Amino acid sequence: MFAGKELYMDRGRPDAKMYFVAVVLPATLNEKIHVYKKQMQEHYGCKVGLKSPAHITLAPPFWMEGANESALQQDLQKLAQQVAPFPLTTNDFSAFRPRTIFVAVRESSALQAVKKTADAFFRHSAYGMKIENRPFHPHITIATRDLHKKDFAEAWPFFQQEIFRESFDAAGLSLLKHNGRNWDVVFTAPFAAPLPADVARQP
């Protein structure tokens, strides 16, 4: 995410807030990932990763007038109703060199389909979401932006050999809003479509 409180302030639009859309991980798994985030804070002063719960971003941060929040929640509900809960599995750690360390996510056709559907759904919406053209690379951030290059070089060997393999169900689409200091989950639309009986639950 972004570092610096001033980046969350739009002086020209006093009612505008920063939002993003994500699959938020279950609380028990969030607690396990929080341990790694806290470790990076204690050793290297990294705070950005601690500002939000463990999540996989689907729509990166964007500005939106608060008056549109209810309509966006309704649209997220419509979108989520088309999707059945699906399993995801973490696959240890990886990195976007030289500033970001994250929990890797095993390839999932279901997650890729949700991302594609969400992009198409919101591409021409009035919410101001940025639809990225680069390939979707799902990940769960541990440290980013405020991780200095020299600290990355020191921290990465630990994460490179660390094993972190957990399975969980992606259960819904969450809307997060920045409160001036941290990101709050303000709404979650549960995935509601029935899972076909003949479909194996494989990521």
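For reference, positions follow the sequence shown, starting with 1. The structure displayed is predicted, hence computed values, not measured ones.
- Using modelled atom types, one side-chain atom of S108 and one backbone atom of L111 make a donor-acceptor pair closer than 3.5 Å.
- The main-chain N or O of W183 is never found under 3.5 Å from a side-chain atom of K51 such that the two would form a donor-acceptor pair.
- Grouping the Ile, Leu, Val, Met, Phe, Trp and Tyr side chains by contacts below 4.5 angstrom, directly or via other members, places M18 apart from L50.
- Remark: aromatic rings of F93 and F164 are close, center separation under 6.0 Å.
- Checking side-chain atoms of S125 against main-chain N and O of F122 turns up a donor-acceptor pair under 3.5 Å.
- Between Q41 and K38, the closest side-chain pair of non-hydrogen atoms falls below 4.5 Å.
- In this structure the side chain of T144 never reaches within 4.5 angstrom of the side chain of L147, judged on heavy atoms.
- Ion pairing between D92 and R165 holds under the 4.0 Å rule for side-chain N and carboxylate O.
- In this structure, the side chain of H178 engages the main chain of G180 through a donor-acceptor pair within 3.5 Å.
- Closest heavy-atom contact between K37 and G49: NZ-O, 2.9 Å.
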Side-chain polar contacts of residues 126-134 - donor-acceptor pairs under 3.5 angstrom, sequence neighbours left out - could you list them?
unit_1	atom_1	unit_2	atom_2	d
Y127	OH	A71	O	3.2
Y127	OH	L72	N	3.4
Y127	OH	D75	OD2	2.7
E132	OE2	R134	NH2	3.0

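- Linking ILVMFWY residues whenever their side-chain heavy atoms come closer than 4.5 Å, directly or via other members, places V105 and F136 in the same cluster.
- Counting heavy atoms from C-beta outward, V23 and V114 have side chains that stay 4.5 Å or more apart.
- Between F158 and Q39 the shortest side-chain heavy-atom distance falls below 4.5 Å.
- Using modelled atom types, one finds no donor on one side chain facing an acceptor on the other under 3.5 Å when comparing K115 with Q112.
- By the salt bridge (charged side-chain N to carboxylate O under 4.0 Å, His left out) test, D184 pairs with no residue at all, sequence neighbours left out.
- Between D146 and R99, every side-chain heavy-atom pair lies at or beyond the 4.5 Å cut-off.
- Here the closest non-hydrogen pair linking A143 and M40 is CB-CE, 4.0 Å.
- Residues Q77 and Q73 have side chains that never bring a donor and an acceptor to within less than 3.5 angstrom of each other.
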**Item:** Test log, rule side chain to side chain contact (heavy atoms under 4.5 Å, CB included), inputs K149 and R97
**Value:** CA-CA 8 Å; K149 293 181 180 180; R97 298 174 182 271; over 6 Å; no
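- Across all their heavy atoms, Y44 and A155 have their closest contact at CE1-CB, 3.5 Å.
- Looking at T89, its side chain never comes within 3.5 Å of a backbone N or O of R106 through a donor-acceptor pair.
- Heavy atoms from other residues, nucleotides or ligands lying under 6.0 Å from NE2 of H148 number 12 at most.
- Looking at F102 and T100, their side chains come closer than 4.5 Å, going by heavy atoms from C-beta outward.
- In summary, K17 and E65 do not engage in a salt bridge, as defined by a charged side-chain N under 4.0 Å from a carboxylate O.
- Proximity of a side-chain donor or acceptor of N30 to a complementary backbone N or O of P53 within less than 3.5 Å is not detected.
- Here the closest heavy-atom approach between residue V185 and residue T188 is recorded as CG1-OG1, 3.6 Å.
- L176 is not listed as a side-chain neighbour of Y19, based on a closest heavy-atom distance of 4.5 Å or more.
- A donor-acceptor contact shorter than 3.5 Å links the side chain of H139 to the backbone of H137.
- Between F62 and F20, the distance separating the two ring centers is not shorter than 6.0 angstrom.
- Counting heavy atoms from C-beta outward, V103 and I142 have side chains that approach closer than 4.5 Å.
- Remark: C46 SG to F152 CZ distance equals 11.5 Å, nearest 0.5 Å.
- Grouping the Ile, Leu, Val, Met, Phe, Trp and Tyr side chains by contacts below 4.5 angstrom, directly or via other members, places I140 with Y36.
- Under the side-chain contact (heavy atoms from CB on, under 4.5 Å) rule, L88 has a single partner from L25, I56, D169, which is I56.
- Note on F168 and L173: same hydrophobic cluster, where clusters join Ile, Leu, Val, Met, Phe, Trp and Tyr whose side-chain heavy atoms are under 4.5 Å apart, directly or indirectly.
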